[in-house]
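To start, the structure under review is shown below, and the notes come after it.
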Amino acid sequence: MQRIDITNQRFGRLIAIRFVERKSNGNAIWECACDCGKVKNIDSYALRKGITQSCGCLKIDSVKERYKTNEKFQSNVGNADNLRRSDGVYWASVTKGKKNKSGVVGVSFDESKNKWTAR
């Protein structure tokens, strides 16, 4: 199979430096330099289709920017009271998970003991 040469081509924040290897599925892996300075090996298919555009720094930067422009988030920064209910229980611990039938994070039913247990 003919390899597509993408040396020195830019894909978002990444520049393909050199071919590294071919995966078992036939896709080429390229060493890429990110604008932030990190070097990562990335699948050429993900590069060419726009699936991967950075080493991960792009997502971090976009999240930081969204936090700066979100007024509700900014008004709650540093306010730990919003993390807990009035009884002192953290909201994150009472959200019902997809697999959790108890409704409380860390609580599950042990069928061998026929009892609810907490971790």
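FYI, the numbering just counts along the sequence from 1. A quick note: this is a predicted structure, and the numbers were derived from the prediction, not measured.
- Atom OG1 of residue T52 and atom NZ of residue K40 lie 9.0 Å apart, to the nearest 0.5 angstrom.
- Screening residues 6-19 for salt bridge (charged side-chain N to carboxylate O under 4.0 Å, His left out), with sequence neighbours left out, gives R10-D35, R13-D61, R18-E31.
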Checking D43 against I29 for the side chain to side chain contact (heavy atoms under 4.5 Å, CB included) test, could you report, in this order, the C-alpha distance in whole Å, the side-chain angles of both residues, the deciding distance, and whether it holds?
CA-CA 5 Å; D43 188 311; I29 302 297; 4.2 Å; yes
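- Scanning all heavy atoms of the two residues, the minimum distance from C32 to I17 falls at C-CD1, 4.0 Å.
- Within the model, atoms CZ of R66 and NZ of K68 stand 13.0 Å from one another, a figure rounded to the nearest 0.5 Å.
- Counted within 6.0 Å of CD on E111, heavy atoms from surrounding residues, nucleotides or ligands total 12 or fewer; the atom is thus considered open.
- Expressed to the nearest 0.5 Å, how far CD1 of I60 lies from SG of C55 amounts to 7.5 Å.
- Connectivity analysis of hydrophobic side chains (ILVMFWY, heavy atoms under 4.5 Å, direct or indirect) links I6 to I4, F11, L14, F19, W30, I42, L47.
- For the pair Q9 and I15, the minimum side-chain heavy-atom distance is 4.5 Å or more.
- Counting all heavy atoms, side chain and backbone alike, A28 lies closest to R22 at N-NH1, 4.1 Å.
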